[in-house]
Amino acid sequence: VVSWNTLMAGYAAQGLDEEALNCFHQMQLDGVSPDVVSWNTMICSYGEQEDNEKAFNLFAQVQDQGLLPNSVTFVSILKACGSVAALKAGKTLHSQVVRVDGFEAMEVSLATALLDMYCKCGSMVDAHQVFDAMLTRDVVTWNALIAGYARQVAYKIVFDLFERMREEAKQPDAVTFLNVLTVCSHVGLVNEGYKYVEAMGREFGVAPSMKHHNCMVDLYSRAGQLGEAVVMLEKTPTQPD
RNA sequence: UCCGUUUUUG
């Protein structure tokens, strides 16, 4: 079953979900029962193709067959909920995972996926509650919440969260800075944007990538500072990240 | 063997 799963995951990683599904069928013809990893791989693959309907169908089949979903299964299906803003389904899953293991036992990645789902459904109160309840958070958790507020253009909260990361000695990464710069660009905060992009390399040791430069080009352009935008464009690294 | 956060054009 591990070999089949590896093959399926290989197809899925290439976006070849038809081929992955063929494997899923073929293994059964060969007398190998798919395990939870096989199901997760398919659900994830559909999620990445934005084929959320199929992802939901597979998840329903997992439950119908009485198979036990694991945390990766929940993460994958929560992602599908987020991308179609299915808040009600998301809340059902939330109570389901809490019922199974309790919130305390939840893996950081699962709690973060839950938080992210609430953000993408526009329910920042729920998202923040999950965040507050978490005993362990990693940089992805922080990034998910910051991205949520950035989407709401709540720049003050974004800056506060960034400051709180510093206070708690959490190291921001390239994604943290992207989210912060994005909100600067959407609000038109040129000075703040410059401040962050300058600090990221100097103070935090995170080299501004092509994406960060694109963000700054956008920020300057929207603000009508075309000269600065051109300077940024010329400084942009050519490697895509 | 399978997971979570990401800018602009949108």
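Proteins come first, then strands; the chains are lettered A, B, ... in the order of their sequence lines, and each starts at number 1.
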Ring centroid separation A/Phe24 to A/Trp39 under 6.0 Å: yes
Sorted by number, the residues of residues 77-114 of chain A with heavy-atom contact under 4.0 Å to RNA chain B: A/Lys79, A/Val108, A/Ser109, A/Thr112, A/Ala113
Sequence neighbours excluded, every pair satisfying salt bridge (Lys or Arg N to Asp or Glu O under 4.0 Å) that has a member inside residues 121-150 of chain A: A/Lys91-A/Asp126
Nearest heavy atoms of A/Val139 and A/Gln171, plus distance in Å: CG2-O, 3.5 Å
Would you tabulate the side-chain donor-acceptor contacts of residues 61-70 of chain A under 3.5 Å, counting partners in other chains and residues two or more places apart, or write 'none'?
| from | atom 1 | to | atom 2 | distance (Å) |
| --- | --- | --- | --- | --- |
| A/Asn70 | OD1 | A/Asn40 | ND2 | 3.0 |
| A/Asn70 | OD1 | A/Val72 | N | 3.0 |
| A/Asn70 | OD1 | A/Thr73 | N | 3.0 |
| A/Asn70 | OD1 | A/Thr73 | OG1 | 2.9 |

Closest non-hydrogen atom pair between A/Ser185 and A/Arg222, with its separation: O-CD, 3.7 Å
Residues that A/His213 engages under side chain to side chain donor-acceptor pair (under 3.5 Å), provided they are two or more places apart: none
Separation of the C1' atoms in B/U6 and B/G10, to the nearest angstrom: 16 Å
Closest contact, heavy atoms only, A/Cys81 versus A/Leu93: SG-CD1, 3.6 Å
Where chain A begins and ends its contact with RNA chain B, read 5' to 3' at 4.0 Å from heavy atoms: B/U1 to B/U9
With sequence neighbours excluded, residues passing side chain to side chain donor-acceptor pair (under 3.5 Å) with A/Arg202: A/Glu198
Check: A/Tyr196/A/His212 side-chain N/O donor and acceptor closer than 3.5 Å: no
Short side-chain donor-acceptor distance under 3.5 Å, A/Thr182 and A/Asn179: no
Those residues of residues 205-216 of chain A lying under 4.0 Å from RNA chain B by at least one heavy atom: A/Lys211, A/Asn214, A/Cys215
Touch class at under 4.0 angstrom, heavy-atom based, for A/Leu178 against every strand present: base
Shortest non-hydrogen contact between A/Val97 and A/Leu110, atoms and distance: CG1-CD2, 4.2 Å
Centroid-centroid distance, A/His94 to A/Tyr118, less than 6.0 Å: yes
Side-chain donor-acceptor pairs of residues 154-163 of chain A under 3.5 Å, sequence neighbours excluded:
| from | atom 1 | to | atom 2 | distance (Å) |
| --- | --- | --- | --- | --- |
| A/Glu163 | OE2 | A/Arg166 | NE | 3.3 |

Of residues 140-148 of chain A, the positions that come close to RNA chain B - non-hydrogen atoms, cut-off under 4.0 Å: A/Val140, A/Thr141, A/Asn143, A/Ala144, A/Ala147
No-hydrogen, no-angle side-chain donor-acceptor test under 3.5 Å, A/Ser83 and A/Asn52: yes
A/Asp35 (side chain) donor-acceptor with A/Val37 (main chain) under 3.5 angstrom: yes
Residue-level proximity of residues 121-139 of chain A to RNA chain B when a heavy atom falls under 4.0 Å: A/Asp138
Pairs involving residues 108-122 of chain A, ordered by first then second residue, that meet salt bridge (Lys or Arg N to Asp or Glu O under 4.0 Å) (sequence neighbours left out): A/Asp116-A/Lys120
Contact summary for A/Ile77 and A/Ala55, nearest pair of heavy atoms: CD1-O, 3.6 Å
Close approaches to RNA chain B from residues 29-55 of chain A, in residue order (heavy atom, under 4.0 Å): A/Val37, A/Asn40, A/Thr41
